[in-house]
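Below is one structure, written out as structure tokens, with a few remarks after it.
Protein chains get the first letters and strands the later ones, always in sequence-line order, with residue 1 at the start of each. The analysis underlying the following values was restricted to heavy atoms, covering all of them including side chains, and did not include hydrogens, waters or symmetry mates.
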Protein chains: 2
Amino acid sequence: MSDNDAMTAARTSTPQPLADPLSGAASPGAGMGLRERKKLKTRIAIRDATYRLIRERGYEATTVEQIAEAAEVSPSTVFRYFPTKEDIVLTDEYDPLLEEDLRARPADEPIVESLRHVLRRAVGLGFTEEPEISRLRTKLMVEVPAVRSRMLESMSVTGHMLCRVIADRTGRDADDLEVRTFSMGLIGALTETAAYWAEHDHQDDLGDLVDRTLGMLSAGFAGPEVASPSGGRL
Amino acid sequence: MSDNDAMTAARTSTPQPLADPLSGAASPGAGMGLRERKKLKTRIAIRDATYRLIRERGYEATTVEQIAEAAEVSPSTVFRYFPTKEDIVLTDEYDPLLEEDLRARPADEPIVESLRHVLRRAVGLGFTEEPEISRLRTKLMVEVPAVRSRMLESMSVTGHMLCRVIADRTGRDADDLEVRTFSMGLIGALTETAAYWAEHDHQDDLGDLVDRTLGMLSAGFAGPEVASPSGGRL
DNA sequence: CACCTTTTGAGAGTTACTCTCAATTCATGC
DNA sequence: GCATGAATTGAGAGTAACTCTCAAAAGGTG
């Protein structure tokens, strides 16, 4: 979860070959047939049009019809590519990358530590490639109820990914209560980190915030007290 | 969060005096004027009608119009009482009770420990008072995307409550990054516990599951390993 | 270039939700 | 009791996000 990453791609009708998760990137899907390339272009066109319109007139004021018109497709097509309006904003294809990075870390490293490294990179990546998008997304996630709601779906998808990784590492079942709650606890904390970042107008460095969050978690939920003014433990 | 408790009551137009959070309970709002009493009765009628219809024909197949008819009010009135259809299902008034219980615990007790005690009681309470409701709710939360989505709103409200309690205990600010992520981490894990419970057909004892979750959390996120087949740490 | 499959657009329909306004219902002072 | 004012309700019209169906268009293949 670079920030609100993760996605509901799972619910998207066509689970795109994802190839290149970043819209603005160079060659949109080189190699595959014309059909595939066109689909990718349409997808990107819809996403870009959406972000542009939302920036111009706000989320609620932007209708799917307008998005369709701006992207030069029919409204039906928009819904074929994204099951809901919120998904146009929230969907991305970072999860597989994240999973890959995570699995590349040494298996005996504590998962929180692995996450720290992986997210550090993801955050940096998101910034160089799509500097505006992360900000707009987190902002919408904080300000627009409908988007925030849909976030849980994203969290859930990323959470399941985490469960699988942890399960493979530890030999436990991915459906273990402990594995699941641990994962969702992490995702919840990280999502809140993104929300905090947005609420404070993106003034802090997201990487630092993530570090602090993970540091707090490994210092321990109710374990040794975290430095606090009153010395009280959490 | 007895299970998916917590609520979006905050977004409800009229923040009811909540008096008696349980619909089936004895005297619906004794003491207050006729107006207030009628409002409470309407609220309960809508909620009960909704649960009945959903049980009979499922969530999606139940329209707000049908709910209105069954509750003998107009559709407009339904929306006046509950901002969204999902809220009819998710809204409850447990949060204030939870907060009260939480504040009644000794301030030097680790918060996870306090939660264990408080939730133990809440779970028991939810069972004796509304045995069916908790099950239906968690089931819907797992099965109906729209309801699950709305959950994040609930989680957020409960999370803020937790933040305030922790802030008061520790002298920190309720908006501290650490306080917030810690809280949402907890809520995320607990919500997942409820989901787990529902997905396994409510066969386990929810209180036990909550105990396991909290035990895992205080044993430590990446701290000493949790007993696991391979001995790997989380 | 013909054949088959996939993708698209057009259009009609459903439903959750919003807004406005007039009618009703409760609360209050006399 | 009853008149006056405030809160609550219902009716109705309107919007916008979806869903479904079907025919047209475009891509892939022999």
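One can place CD of B:Glu65 at 14 Å from P of D:dG10, the figure rounded to the nearest angstrom. Between A:Asp87 atom CG and D:dT19 atom C1' the separation is 16 Å, expressed in whole Å. In this structure, B:Phe82 atom CZ and C:dC17 atom P are separated by 13 Å, rounded to whole Å. B:Ile88 has its CD1 atom 8 Å from the P atom of C:dC17, to the nearest Å. One atom, CD of A:Glu86, and another, P of D:dA16, lie 15 Å apart when rounded to the nearest Å. Distance CZ (A:Arg37) to P (D:dG28): 8 Å, rounded to an integer number of Å. The distance from atom CD1 of A:Ile46 to atom C1' of C:dT7 is 13 Å, rounded to the nearest whole Å.
A close approach under 4.0 Å does not occur between any side-chain nitrogen or oxygen of A:Lys85 and OP1 or OP2 of D:dA16. At C:dT8, none of the side-chain N or O atoms of A:Ser74 fall inside 4.0 Å of OP1 or OP2 (strictly under the cut-off). Close to C:dT7, at under 4.0 Å from its OP1 or OP2, lies no side-chain N or O of A:Tyr81. Under 4.0 angstrom from either OP1 or OP2 of D:dA16 there lies no side-chain N or O belonging to A:Thr63. A close approach under 4.0 Å does occur between a side-chain nitrogen or oxygen of B:Lys39 and OP1 or OP2 of D:dT8.
Within the 3.5 Å criterion, the main-chain N or O of A:Gln203 finds no donor-acceptor partner in the side chain of A:Asp201. Side-chain N or O atoms of B:Asp205 include one that pairs as donor or acceptor with a backbone N or O of B:Asp208 at under 3.5 Å. Listed for the B:Arg47 side chain is a donor-acceptor partner under 3.5 Å among the backbone atoms of B:Thr91. At distances below 3.5 Å, at least one donor-acceptor pair connects side-chain atoms of B:Gln66 with backbone N or O atoms of B:Thr63.
Comparing A:Ser76 and A:Glu60 along DNA chain D, the residue whose closest nucleotide (by nearest heavy atom) sits nearer the 5' end is A:Glu60. Each of B:Thr62 and A:Pro75 was matched to the nucleotide of DNA chain C holding its nearest heavy atom; the match closer to the 5' end belongs to A:Pro75.
Side-chain atoms of B:Arg80 and base atoms of D:dG10 include a donor and an acceptor less than 3.5 Å apart. The base of C:dT25 is paired with the side chain of B:Arg35 by a donor and an acceptor separated by under 3.5 Å.
Of the listed nucleotides (C:dC17, D:dT9, C:dT8), C:dC17 has the atom at the smallest distance from the side chain of B:Thr84.
Geometrically, B:Lys85 engages B:Tyr59 in a cation-pi contact, judged by NZ or CZ lying under 6.0 Å from the ring centre and within 45° of the ring axis.
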